[in-house]
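In the text below, chain A, chain B and the rest are named by the order of the sequence lines, each starting its count at 1.
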Amino acid sequence: MSSALEVDKVISHLHPEGSFDLADHPVPTGREEVWRFTPLKRLHGLHQEAPFGAGACTVEVSAAEGVVVEQVAADAAERGLSGLVPTDRVSARAWAAADGATVVRIPQDAVVEGATTISHTGTGAELAGAGHTVIIAEKFSRSTVVLSFSGSAVLADNIEIIVEDGAELTVVSLQDWADDAVHHSTQHASVGRDASLKHVAVSFGGDLVRHDATASYAGPGGSVEMLGMYFADEGQHIEHRLFVDHTAPHTKSNVIYKGALQGQGAHAVWIGNVLIRKVAEGIETYEENRNLVLTDGCQADSVPNLEIETGEIEGAGHASAIGRFDDNQLFYLRSRGIEENEARRLVVHGFFNDLIRKIDVPALEEQLLATVESELEKNVLKAF
Amino acid sequence: MSTLEINDLHVSVATEDGDKEILKGVTLTIKDGETHAIMGPNGSGKSTLAYSIAGHPKYTVTGGTVTLDGDDVLAMSVDERARAGLFLAMQYPVEVPGVSVSNFLRTAKTAIDGEAPKLRTWVKDVNATLQKLDLDASFGTRSVNEGFSGGEKKRHEIAQLELLDPKVAILDETDSGLDIDALKVVSDGVNRFIEDKDKGVLLITHYTRILRYITPDFVHVFVNGKVAESGGPDLADELEANGYDKYVSAAAV
Ligand SMILES: Nc1ncnc2c1ncn2[C@@H]1O[C@H](COP(=O)(O)OP(=O)(O)OP(=O)(O)O)[C@@H](O)[C@H]1O
Ligand SMILES: [Mg+2]
């Protein structure tokens, strides 16, 4: 990347050195900062030596008009285009094991109607899968790409997102896995000059879902919105780790993740890291994570983390909350005759509604609402 | 025909140093068509009375009875009380993020009536009611009470009163925080409700100002968790002139 920006080296735990060399990534013990929340035992050896094989997922592509989707070889030039360098062992192993990549290319200036969907369906195969996807939104293009994951699989993947100058891209990663699935996903976005990326992570299913989503800026004026929505059920571990690296001036980031937890052993982890480098003058950042705990026996960990190396910023803030149903809200609704379970339904829908509105992908809206409804039926409505 | 009867009601709240009794034997009967004003100083327990009748979980009834047309209100859940015909306009209406006013109103109306309102007339009714209360039609799409000004919250409470059409309404300081124009708009709404025959109203207020627009049949002075004196509308004038001092010092002994 040729850039007039001098990105200074920082010594920050937010920014571990990446490496493609597996030898640089020893098998984690679980005590490492980046692994301390993850139940390693349930990773099916992804962090150790578990062999990878083909056929863990079938992939179905539905490309919107004007969007080019192709399979490329493992040594194709597109791999690595985003600047992703694995910072953990699972990502590095998946990088080495992937036998190719799916490349989604939105041509320059194309304004694309509708979404391009890449559906991964787990086949229940014995062996773990290693995936690689590269999404390239060329200059001044506008489009939406949905990656969806369902069925049963053990999957480790790297997803690269390149938003070139002036482009506008929405990427949705929808984890709607079967109960026994394990998914470790590393997603990195490079956001060009005056480009904007909306990255959406929706996690409902799976036994263990761990998502690393990172973004950095290849030029000034870029903007990143990271939205997330999750519903952790009984025994489920859902972990979202975010890192926005403000590597250029006048860039923006806005992170909002909301989740609900229900059932014994439901565990949600949200790590929101933002680094504002010395060069990143005049930036604006805000990050927020809210958890609604619906039953006993759940655990939510929420760790916002803002590191600022320049005093010249427009605004920086964060909020994090873990709460139960608000008695006053329920009382207010019930005092208007609304039955208790209906009142709870309204509150939970309300909790997610503004986020769904922000996600603003019409093709997905109904599905998200329906999923909230069916998640509610599992617990919240059953108990009364 | 409906009568709300409160008899020797004792209520306490849990505090850090154990239970604290707030209501110390309240007795009050509101017959149909009657408007009762309850006036009292800050902290005398007016909201506690209102919340206890509505069934807020924070308050524990330790003695006494509340009945609506002979039915035991205290045995009902919060929503059953509302469906039985009680309505509480709250002093501090609660924000419910992400739930639109129109969805909320329709859900409440459906719950109270036991069936969904006819779509066409309902939309018309809602819009007409919002308009009468000087609330823009765009309120329908906003989240319940979120970002509403103090006055808008109160007008929204009265819009609900008119649309849900209960038997007995308890209005907890619906007048506070309103400028004179909003006070008139709100009073008009309450008067429309009262005139709609057989309605009982318990109007809780700190100031006599609203009583210029809504004429009570009875005025009760509420001090230290109970009714200290009851009278007609002229009792309000006396309170206006002399304040609560006389009652507060009497209650202190
Ligand atoms: N959780 C609580 N812990 C301790 N005291 C409480 C609690 N809740 C209410 N109280 C007390 O109960 C008393 C009555 O409160 P209430 O809100 O009913 O008064 P009020 O007459 O409505 O006052 P205002 O005119 O200010 O609205 C007050 O002294 C208040 O401090
Ligand atoms: Mg009060």
Could you walk me through whether B/Lys109 and A/Arg336 pass the side chain to side chain contact (heavy atoms under 4.5 Å, CB included) check? CA-CA 8 Å; B/Lys109 186 66 176 172; A/Arg336 271 49 176 155; over 6 Å; no
Provide the closest heavy-atom pair for A/Gly337 versus B/Ala111 in the form atom of the first, atom of the second, distance. O-CB, 3.1 Å
Which atoms of B/Glu80 are under 4.5 Å from chain A, going by heavy atoms: the side chain, the backbone, both sets, or neither? neither
Residue by residue, which of residues 154-162 of chain B have a heavy atom closer than 4.5 Å to a heavy atom belonging to chain A? B/His156, B/Glu157, B/Gln160
Within a reach of under 6.0 Å around CZ of B/Arg192, are more than 12 heavy atoms found that belong to other residues, nucleotides or ligands? yes
Tell me whether B/Lys31 at atom NZ has more than 12 heavy atoms from other residues, nucleotides or ligands lying less than 6.0 Å away. no
Name the option with the most non-hydrogen atom pairs under 4.5 Å to chain A; the candidates are B/Leu88, B/Leu105, B/Leu164. B/Leu88
Assess whether atom NZ of A/Lys252 is packed by more than 12 heavy atoms of other residues, nucleotides or ligands within 6.0 Å. no
Check the pair B/Asn103, A/His349 against side chain to side chain donor-acceptor pair (under 3.5 Å), reporting the backbone distance first and the verdict last. CA-CA 11 Å; B/Asn103 185 16; A/His349 273 288; over 6 Å; no
Chain B interface, residue from A/Leu346, A/Leu333, A/Asp354, A/Leu355 that has the most non-hydrogen pairs under 4.5 Å: A/Leu346
If you tally heavy-atom pairs under 4.5 Å between each of B/Val144, B/Thr110, B/Val96 and chain A, the highest tally belongs to B/Val96
Beyond-backbone contact of B/Thr107 with A/Ile338, side-chain heavy atoms, under 4.5 angstrom: yes
Can you confirm whether B/Ser77 sits close enough to A/Arg334 that some side-chain heavy atom of one is under 4.5 Å from a side-chain heavy atom of the other? yes
Run the numbers on A/Phe331 and B/Val94 for side chain to side chain contact (heavy atoms under 4.5 Å, CB included), then give the verdict. CA-CA 9 Å; A/Phe331 172 72; B/Val94 182; 5.9 Å; no
If you count heavy-atom pairs within less than 4.5 Å of chain A, which of B/Leu86, B/Ile112, B/Asp79 leads? B/Asp79
Heavy-atom pairs under 4.5 Å with chain A - which of B/Ser143, B/Pro97, B/Ser100, B/Pro57 has more of them than the others? B/Pro97
Are A/Tyr332 and B/Tyr92 near enough that their ring centres are under 6.0 Å apart? no
Count the heavy atoms of every other residue, nucleotide or ligand shown that sit under 6.0 Å from CG of A/Asp179, and state whether that count exceeds 12. no
Step by step, would you call A/Ser335 with B/His56 a side chain to side chain contact (heavy atoms under 4.5 Å, CB included)? CA-CA 9 Å; A/Ser335 77; B/His56 195 289; over 6 Å; no
Is it true that a side-chain atom of A/Gln329 and a backbone atom of B/Glu95 form a donor plus acceptor pair closer than 3.5 Å? yes
Using non-hydrogen atoms only, which part of B/Pro166 is less than 4.5 Å away from chain A: side chain, backbone, both, or neither? neither
